[in-house]
Amino acid sequence: MRKLWGIRHVRFLWNRWLVFRHARAWGRMGIGLGYPNQTDLDVLDMIWRGER
């Protein structure tokens, strides 16, 4: 089911929104720079490709 086109792309968009929102929130608190780590972006890329 994760490899269906619509499912994984919607899942990617939802998780991308969560990752960037979380990173901005930590940046506003002064813990972090306000953008996601490369590992978070790598996981999003894996979701986009249907590998996770």
* Asked: Do the numbers put R16 on top of the ring of F20, so that NZ or CZ is under 6.0 Å from the six-membered ring centre and no more than 45° off the axis?
  -> yes
Going by chain and number, the hydrophobic cluster around Y35 (ILVMFWY, side chain to side chain under 4.5 Å) further includes L33
Note to self: I'd like to check L18 versus N15 (side-chain heavy atoms, cut-off strictly below 4.5 Å). Are they in contact?
What the structure shows: yes
Rounding to 0.5 Å, atoms CG (L44) and CG (L13) come to a distance of 10.0 Å
CD1 (I47) and CZ (F12) are apart, to the nearest 0.5 Å, by 8.0 Å
Keeping R8 on the side-chain end and W48 on the backbone end, is there a donor-acceptor pair under 3.5 Å? yes
Note: P36 and A23 closest approach over all heavy atoms is N-CB, 3.6 Å
For R11 and R52, the nearest pair of non-hydrogen atoms, with its separation, is NH1-O, 2.7 Å
Exercise. Angle class for the W17/W14 ring planes (parallel below 30°, perpendicular above 60°, tilted otherwise)?
Worked result: tilted
Exercise. Can you find a heavy atom in the side chain of V43 that is under 4.5 Å from one in the side chain of T39?
Worked result: no
